[in-house]
Number of protein chains: 2
Amino acid sequence: MHALILAGGSGTRFWPLSRRRQPKHLLPLDGDRSLLQATVERLEPLIPPQRVWVATTAELLAPVRDQLPDVPAAQFLVEPVGRNTAPAIGYALHCMPAAVRSEVVAVLPADHRIADPASFRRTLGLAAEVAARDDRILTLGVKPHRPEPGFGHLELGEPLPRAEGLRRVRRFTEKPDPETAARWTAAGTHLWNAGMFVFRGTTLLAALARHAPQIARGLEAIADRPDRLQELYPQLDATSIDYGVMEHLDALATLPLDCGWSDLGSWQALAEVAAAGSDGNAVRGDATVIDARDNLVAAEEGHVAVLGVSGLVVVRTADAVLVMPKKRAQEVRKIVDSLRRRGREELL
Amino acid sequence: MHALILAGGSGTRFWPLSRRRQPKHLLPLDGDRSLLQATVERLEPLIPPQRVWVATTAELLAPVRDQLPDVPAAQFLVEPVGRNTAPAIGYALHCMPAAVRSEVVAVLPADHRIADPASFRRTLGLAAEVAARDDRILTLGVKPHRPEPGFGHLELGEPLPRAEGLRRVRRFTEKPDPETAARWTAAGTHLWNAGMFVFRGTTLLAALARHAPQIARGLEAIADRPDRLQELYPQLDATSIDYGVMEHLDALATLPLDCGWSDLGSWQALAEVAAAGSDGNAVRGDATVIDARDNLVAAEEGHVAVLGVSGLVVVRTADAVLVMPKKRAQEVRKIVDSLRRRGREELL
């Protein structure tokens, strides 16, 4: 079994800590190691670094490789530009030796948190068995523990034989409205789409050829003429693997993950998993907190003092400060967009 | 007429911008020059720098002198330690040549804002005439334009002849409760105590001898034995001129100031006088402000981005960040106290 780690990413959600050249997965947002390093480490012993492949962009190759010294150099696969996950996964599979491609590959995001790695590996190992034995494509879905309109959901279909919890996926759904999310969570009919897939590489490429032929043909052309990579890759449809392939598959199956997963999708999500004191404040770095509740305070450099505020994200880096309500954390991209419009490249 | 500028101060109210060695009056909180520089400049042409005296502490002497190159070097008067304003003023008067001491001296804080310097000089000049002619001690009071429980008040007594607006001061009051402040403001019976005094130096020293004999005797002892200054000065009662002298004077008079005065006593007070956009945000330095109202945002160094917050003070300096509600700005000293208790001298 091999792992393909998707380690691209643009670095806006955790601004000012994340930057274009320092996206979220390169940051130690959950412990001492970066999320990328944690992603690789938690695979052992199921998948040692010698069987880890990392898809990233030219801009991020150097820091990504520096963080993963145990992954063989030839297994860092560089997209000329980011064209979303369907081209990235297809291209990575084409780059692998044919022998690897025909084995089971798990596609994993580089920037999630998993509190219980052993449970995660058990599910991943089971998924690999099913994928190898039945030549089936699986997606790992997360058991919702709360209504979450912010995530895509997998609607569960009929149980499949020969693996506990294995179910057909009836359909991929867009992000539901809050009432729908609450109903689904109560009924237990859906899992969260976590962007984790397990399949034989050859099987995925066959599905790509069928459901995303523009991408598949483009990748074939690149395989024939690797010297034209820089010209051809940017012409591939920028489609996610979810919408380009997965939602078209009749035979897609899922196994439920119950491993303390978080996508750490925003400062708010980070605040939710960070250790908080009795006052609800999660504090990173050198801070003074007086008469304040439920804040995320992060001093990556220098000192941060807060008094009398609640529900805020307060972040200080070497060159910037962010102050916003936690519940509006998704809107940090408005700040990044504003800086970009004003040509403030040094802050991006 | 001479001016004695009181330029000591501890630097907690504008933390993290103000520090022990960089107190409020050395900062350019209102325009390009520091408050101290503005204090001296607004006296011209009534009082040129050649007749300005500056009382400060040993710790602050170098930066204070650097900021005022036109004030003669001999006119910087150094208190060994801060012992409040009664010793500071008495000691400064003792340091002046006898010929100066018998002339009119205006005692002025170094850290206030005055929007209309011409009006201020007119009142100051009139006060000097009264002080010289009648050998009277005057305090300049500010006409309240709103109820302000945060200030001491002067209760107005009967009108005095020979100067428009001149009134006896019936008594100094402590900070009133909000209802009392509102009543006084509506009735026009009180002025705010702004800590500005005009008198012949010899007259003030006579009043000091009568009402604060411990300080007066100590200052005489220092005058006799200047070599014992470091030993004797710290033994003087640490009393303000208001409580030590002014409130005991039957003959104290006042002239009303109506010159756009602010004591800039806190971040909130600064926010009130800072130019604010239509959204009520006052912004200093390099900032991104999105969907936010009524904040004071100050980036002395680096960038500050705020989104979706209101009524906050957000300040970034080279080594610290402060986030607190404007209306709790007085409590910034809790942060400074906390840092001091934890031995964080580098942040004080």
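Values in this document were obtained by computation on a predicted structure and should not be read as measured data. Note: hydrogens, waters and symmetry copies are ignored here, and every other heavy atom, side chains too, is used. Below, chain A is the first sequence line, B the second, and so on; all start at residue 1.
With a 4.5 Å cut-off on side-chain heavy atoms, B:Ile290 and A:Ile335 count as touching.
In this structure, chain B has a heavy atom under 4.5 Å from the backbone of A:Ala318, while its side chain stays farther away. If you measure heavy-atom distances from A:Leu322 to chain B, the contacts under 4.5 Å come from both the backbone and the side chain. For a residue to count as touching a neighbouring chain, one of its non-hydrogen atoms must lie under 4.5 Å from one of that chain's; by this rule B:Ala287 touches chain A with the backbone only.
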Show me the donor-acceptor pairs under 3.5 Å between chain A and chain B.
unit_1   : atom_1 : unit_2   : atom_2 : d
A:Asp286 : OD1    : B:Arg344 : NH1    : 2.8
A:Asp286 : OD2    : B:Arg344 : NH1    : 3.3
A:Asp286 : OD2    : B:Arg344 : NH2    : 2.6
A:Thr288 : OG1    : B:Arg342 : NH2    : 2.5
A:Asp291 : OD2    : B:Arg328 : NH1    : 3.1
A:Asp291 : OD2    : B:Arg328 : NH2    : 2.5
A:His303 : N      : B:Asp319 : O      : 2.9
A:His303 : O      : B:Val321 : N      : 2.8
A:Ala305 : N      : B:Val321 : O      : 2.8
A:Ala305 : O      : B:Val323 : N      : 2.9
A:Leu307 : N      : B:Val323 : O      : 3.1
A:Arg316 : NH1    : B:Thr317 : O      : 2.9
A:Arg316 : NH1    : B:Ala320 : O      : 3.0
A:Arg316 : NH2    : B:Thr317 : O      : 3.2
A:Arg316 : NH2    : B:Ala318 : O      : 2.7
A:Thr317 : O      : B:Arg316 : NH1    : 3.0
A:Thr317 : O      : B:Arg316 : NH2    : 3.2
A:Ala318 : O      : B:Arg316 : NH2    : 2.7
A:Asp319 : O      : B:His303 : N      : 2.9
A:Ala320 : O      : B:Arg316 : NH1    : 3.0
A:Val321 : N      : B:His303 : O      : 2.8
A:Val321 : O      : B:Ala305 : N      : 2.8
A:Val323 : N      : B:Ala305 : O      : 2.9
A:Val323 : O      : B:Leu307 : N      : 3.0
A:Arg328 : NH1    : B:Asp291 : OD2    : 3.1
A:Arg328 : NH2    : B:Asp291 : OD2    : 2.5
A:Arg342 : NH2    : B:Thr288 : OG1    : 2.5
A:Arg344 : NH1    : B:Asp286 : OD1    : 2.8
A:Arg344 : NH1    : B:Asp286 : OD2    : 3.2
A:Arg344 : NH2    : B:Asp286 : OD2    : 2.6

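Taking each heavy atom of A:Gly308 and B:Pro325 in turn, the nearest pair found is O-CG, 3.3 Å.
For the atom pair CG of B:Leu312 and CG of A:Leu312, the computed distance is 6.0 Å after rounding to the nearest 0.5 Å.
If you tally non-hydrogen atom pairs under 4.5 Å between each of B:Val297, B:Val289, B:Val314, B:Val304 and chain A, the highest count goes to B:Val304.
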